[in-house]
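Okay, structure first, notes after.
Starting from 1, each residue takes its place in the sequence as its number. Every number for a ligand or one of its atoms is a count from 1 in the order of the listing.
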Amino acid sequence: MSDKAGVCLELRDDVAGIDQATEILCAGGTVALPSETVYGLGADATNALAVQKIFSAKNRPTGHPLIIHVENIDSARFFSNDFNVVAETLASTFWPGPLTLLVKRSSKVIDEITGGRETVALRVPANETFQKVLHAFSQVGSGAIAAPSANKYGSVSPTTAQHVLSDMGNLIDAVLDGGNCVVGIESTIVDCTVDPPAILRQGAITLELVNSALRHTGVVATEEFTGESRAPGMKLSHYAPVATVKLFENKDALASYEEQCVLNELSFATILGHEDRELYARNLYSLLREADALQPKEILVLLPEPIDIGVAIRDRLFKAAAPH
Ligand code: AMP
Ligand code: MG
C-alpha cells in the first residue's frame, strides 16, 4: 500500500468490496469501515507500520491509544491476560455492540496500540459489514482491526462514507461505503480494571444499562462530562467544527440569543436536533457538519435532556463547544 497521498478506492458493500478491504488490511494499508457508531479508519492492529499510518493520516498524537476491534469474545480474550468477570459480564451482555472494554493487555498487543500502557481497549462491533470484514480478516490475517474515527484528530467524527472522503480521501487507501451509521456517536468505554468499574466515555450503552448488567458485581462510577477525563486522548475540546459552538438548555433561551445575533449582524446556524434522542444521536455529526459548511460565526445548538443517550450527546456537544 502506498504511503503517498493518492487515490482512495471507494469500495461497495458487497462481496468484492469486503474482499478488497480485507486485502488492503493484509497488505498493511488503511481502509475506512462503517460501524454502528461512526466510520473507523481501519488497519491491522498487530502490524506496527499499519498502525502508524492511522496516526499519521489522522494527525493523532501517538500516545493516544487505539481501540482493537475483533470478531467475538474469544478473539478479545486472546488480547487480554485478565479478561475478568466484569469484562465477561459486559461482553456477554452487550457484544456485538457499541461498548468498548478496557482490560489488562496480553503480550499479543503491540505498544503502538496502547501507547505503552498495560491496558488495552477492545470492542466487538455489531455492524454487519464490519463483522464480515473481521470474519474474512481472521481467516487470512490477524483478525484484529484498530479503527479510531476516520477524521482528522479533534474534528467532527464521520457517519457517512462521504464525510470520510471529504476529511481524508487523499490520505487513506480506501473507504467501504456501508451507508449511514445507525448509532451515530462513539462507543461507551468502560474501564474494567478498576474497582468499581468506571465509564470513561458515555455512549449508546448508558450508565443505567451497564449498572443493570453489573448488579451482582459492583457499581459503575461515571465522569462529569465537562470535567477532566481519566481516559488519555479525551481532551476537553473534541468533535469540534470550525465555527464556535454555543449550547442552550431550552428553545426560549436559544430564540432570544438568535434575536441578539440578528441585531448584532452576527452570522449563525441553528441546530434544534430531534425530540427522539436516538435520532438526534444518529444525525448529530451530520447536523454539525452541515451547519459548519455554511461558514457561520457561531453554531447554536439545543441540548437534549440528559436522559439515556442524551447524556452522551451532551458530552459530545460540551466537547464541541470547548475552546480550541
Ligand atoms: P476512539 O478515538 O474513538 O477510537 O477512542 C479511543 C479512546 O479509547 C482513546 O482516546 C482513549 O480514551 C480510550 N482508550 C483506548 N485504549 C486505551 C487504553 N489502553 N487505556 C486507556 N484508554 C484507552
Ligand atoms: Mg475520534
Side-chain angles (χ1 to χ4, degrees), residues 30 32-43 45 51 54-55 57-70 76 79-83 87 98-125 127 130 144-159 163-164 167-168 172 181 183-194 197-205 222-223 225 227-241 284-285 288-289 312 315-316 319-320 322 324:
T30 51
L33 298 169
S35 90
E36 69 273 33
T37 58
V38 301
Y39 272 73
L41 181 56
V51 170
I54 293 181
F55 284 100
K58 282 183 62 71
N59 201 18
R60 175 170 169 132
T62 49
H64 287 191
L66 304 178
I67 297 170
I68 299 183
H69 298 76
V70 288
F79 289 105
S80 173
N81 60 17
D82 184 22
F83 205 80
L99 177 71
T100 296
L101 300 177
L102 193 68
V103 291
K104 293 240 171 71
R105 72 192 262 187
S106 75
S107 59
K108 304 293 185 297
V109 179
I110 60 175
D111 279 340
E112 284 78 1
I113 288 287
T114 69
R117 289 173 189 79
E118 285 313 306
T119 51
V120 64
L122 300 168
R123 182 164 95 86
V124 176
N127 177 284
F130 203 141
I145 302 178
S149 55
N151 60 291
K152 285 287 188 180
Y153 177 65
S155 69
V156 181
S157 301
T159 52
H163 293 165
V164 177
D167 286 1
M168 44 183 12
I172 62 178
C181 300
V183 174
I185 56 175
E186 297 76 2
S187 59
T188 306
I189 303 180
V190 177
D191 185 350
C192 304
T193 69
V194 291
I199 292 192
L200 300 184
R201 179 171 70 189
Q202 302 278 354
I205 306 297
T222 190
E223 302 271 311
F225 45 67
E228 270 294 295
S229 178
R230 293 168 39 180
M234 276 190 232
K235 55 181 187 156
L236 193 51
S237 169
H238 207 136
Y239 320 107
L284 176 68
Y285 292 138
L288 282 171
R289 283 167 177 269
D315 164 80
R316 304 307 188 272
K319 287 174 179 152
H324 59 280

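- Looking at R289, its side chain never comes within 3.5 Å of a backbone N or O of P241 through a donor-acceptor pair.
- The contact set between ligand 1 and T119, taken as ligand atoms under 4.0 Å from a residue heavy atom, comprises 18 (C), 19 (N), 20 (N).
- Close approach of ligand 1 to P148 (heavy-atom distance below 4.0 Å) involves ligand atoms 4 (O).
- Of the N and O atoms on the side chains of S187 and T37, not one donor lies less than 3.5 Å from an acceptor on the other residue.
- Nearest to atom 23 (C) of ligand 1 by heavy-atom distance, out of S187, P61, P65, is P65.
- Counting only protein N, O or S atoms, the number found under 2.8 Å from the Mg ion (ligand 2) is 1.
- Heavy atoms of R117 approach ligand 1 to within less than 4.0 angstrom.
- A salt bridge does not link R123 with E186: none of the charged nitrogens is closer than 4.0 Å to a carboxylate oxygen.
- Within ligand 1, counting atoms from 1 as listed, the ones closer than 4.0 Å to a heavy atom of I189 are 7 (C), 8 (O), 13 (C).
- Between D111 and R105 there is a salt bridge, since at least one side-chain N of the basic residue sits less than 4.0 Å from a carboxylate O of the acidic one.
- Put simply, no part of R105 is less than 4.0 Å from ligand 1, judged by heavy atoms.
- Centroid-to-centroid, the aromatic rings of F130 and H69 come within less than 6.0 Å.
- When only interatomic distances are considered, the shortest N/O to N/O separation between R60 and ligand 1 falls below 3.5 Å.
- Residues I172 and V164 meet the side-chain proximity criterion, which asks for heavy atoms closer than 4.5 Å.
- With distances taken over non-hydrogen atoms, the option nearest atom 18 (C) of ligand 1 out of V38, T100, T114, L102 is L102.
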